[in-house]
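Counting starts at 1 for both ligands and their atoms, in listed order.
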Amino acid sequence: VEPISLGLAIAGAAASALTGFISYPRLYCYFRECCLQRQDQRAAAALQENLDKKLFGQHLVNKVVVKAVKGFLNNTNAKKPLALSLHGWTGTGKNFVGRIVAESIYKRGLRSKYVHQFVATLHFPHAHSINIYKDQLQSWIRGNVSICPRSLFIFDEMDKMHAGLIDSIKPFLDYYELLDGVSYRQAIFIFLSNAGAEKITEVALDFWRNGRTREDIQLTDIQNALSVSVFNNKNSGFWHSTLIDRNLIDYFVPFLPLEYKHVKMCVRVEIESRGYAVDEDILTRIANEMTYFPREERIYSDKGCKTVDAKLDYYF
Ligand SMILES: Nc1ncnc2c1ncn2[C@@H]1O[C@H](COP(=O)(O)OP(=O)(O)OP(=O)(O)O)[C@@H](O)[C@H]1O
């Protein structure tokens, strides 16, 4: 194809896409992914429904995440982007919740071009390259928010992030109206880490040993201790971070360790999602195969629900 015709064809396609978007935005965005695709109220309702239905044993997470995200999406005059830091034992649902938030805002969820996931060990592996990573991270976020203000950024394995790296995004999380002509006030940042898991388990165990139910645990019983422990933990990615210092993290969200009954719920969901009838005997056997701690009481699954699907492969 000769260059002029190709140029004209591309310009024509772009013009017709623009006309389509302007004339029938809803229809256009039904077939092609758009920034701010779902109305924010619908996204908030979808989030609530999905967390209620799919997330087990995390009453604090459910409450805080729904309240924070719903409030933020419905606020037409947010003063800063939303920043949530999710903490807890392995396999308790942090990535799962990140995925549910992404899917409630964008139909394609983690595959959406407006949702960006960073994994510390994959994207920022070398300590000596930290200055390069800082520049890359800034320009990546700036570029993506310029394209779509309601961009979602998920940082996994924060506890493996080199100290100081995350501070490079501080300006984006702050209360600025515009930075170089870009507003970050509609963006959402979610940080995931295992840091603080011991503190959370300590509180949960205390309640259990005192004969109180898990659901009695309030956010106030954990949140302050959690933010202090994350700030002072050299392996948290937030060690002495200005993000915490300057109160730029809006919520520290504690994930409680999962109990035997929650593992059983995960096994049931996994069996059903594979299209098999639930065999109570297999379900119990798989839950019994998981290991539980502390050694004497054996209350919490040490891998949460994480290895459930691998164990199922053995039975089916
Ligand atoms: N609380 C939960 N409710 C329902 N399912 C769960 C829950 N926690 C974990 N799962 C199931 O286990 C899988 C693994 O959990 P997930 O990856 O979210 O753990 P994580 O907390 O991010 O662990 P890690 O800290 O190791 O990254 C999920 O995809 C989900 O299927």
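- Look at Gly91 and you'll find a heavy atom under 4.0 Å from some atom of ligand 1.
- Taking atom 11 (C) of ligand 1 as the reference point, the nearest protein heavy-atom neighbour is Cys305 CB, 3.7 Å.
- The protein heavy atom nearest to atom 1 (N) of ligand 1 is Phe56 O, 2.9 Å.
- A donor-acceptor pair is defined here as one N or O able to donate and one able to accept, closer than 3.5 Å; no such pair exists between the side chain of His87 and the backbone of Lys94.
- Scanning the protein heavy atoms around atom 18 (O) of ligand 1, the nearest turns out to be Phe96 N, 2.9 Å.
- The residue Val97 has no part lying near ligand 1, judged by heavy-atom distances below 4.0 Å.
- Side-chain atoms of Ser139 come within 3.5 Å of backbone N or O of Asp135 as a donor-acceptor pair.
- An N or O contact shorter than 3.5 Å is missing between Leu258 and ligand 1 by distance.
- Residue Arg99 has no nitrogen or oxygen atom sitting less than 3.5 Å from a nitrogen or oxygen atom of ligand 1, judged on distance alone.
- For atom 27 (O) of ligand 1, the nearest non-hydrogen atom of the protein is Asn95 ND2, 3.2 Å.
- Aromatic rings from Trp89 and Phe293 are positioned such that their centres are separated by under 6.0 Å.
- Put simply, the side chain of Asp250 gets close to the backbone of Ala83: a donor and an acceptor are under 3.5 Å apart.
- By the 3.5 Å distance cut-off applied to N or O atoms, Gly93 is counted among the residues near ligand 1.
- Every atom of ligand 1 is numbered from 1 in the order shown, and the set under 4.0 Å from a heavy atom of Gln58 is 1 (N).
- Two residues are said to be in side-chain contact when any heavy atoms from C-beta on lie closer than 4.5 Å; Glu33 and Lys107 fail this criterion.
- The part of Cys266 lying near ligand 1 is the side chain, judged by heavy-atom distances below 4.0 Å.
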Intermediate values then yes/no, side chain to side chain donor-acceptor pair (under 3.5 Å), Ser151 and Asn144: CA-CA 7 Å; Ser151 290; Asn144 282 298; 5.7 Å; no
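- One N or O on the side chain of Gln138 and one on the backbone of Ser168 form a donor-acceptor pair closer than 3.5 Å.
- Both the backbone and the side chain of Lys94 come within 4.0 Å of ligand 1, counting heavy atoms alone.
- Proximity of a side-chain donor or acceptor of Asp216 to a complementary backbone N or O of Arg212 within less than 3.5 Å is not detected.
- Distances from atom 2 (C) of ligand 1 to the heavy atoms of Leu55, Leu51, Val119, Val61 put Leu55 nearest.
- Close N/O approach between Asp156 and ligand 1 is not found [any backbone or side-chain N/O within under 3.5 Å].
- Atoms of ligand 1 lying under 4.0 Å from at least one heavy atom of Asn194, given by number and element, are 25 (O).
- Side chain of Glu157 to backbone of Leu192: no donor-acceptor contact under 3.5 angstrom is found.
- Residue Lys54 touches ligand 1 through its backbone alone, judged by heavy-atom distances below 4.0 Å.
- With respect to atom 24 (P) of ligand 1, the closest heavy atom belonging to the protein is Lys306 NZ, 3.4 Å.
- Formation of a donor-acceptor pair under 3.5 Å by the Glu259 side chain with backbone atoms of Ser301 is not found in this model.
- Residue contacts with ligand 1: Thr92 is placed with a nitrogen or oxygen under 3.5 Å of a nitrogen or oxygen of the ligand (distance criterion only).
- For His116 and Phe153, the distance between ring centers is under 6.0 angstrom.
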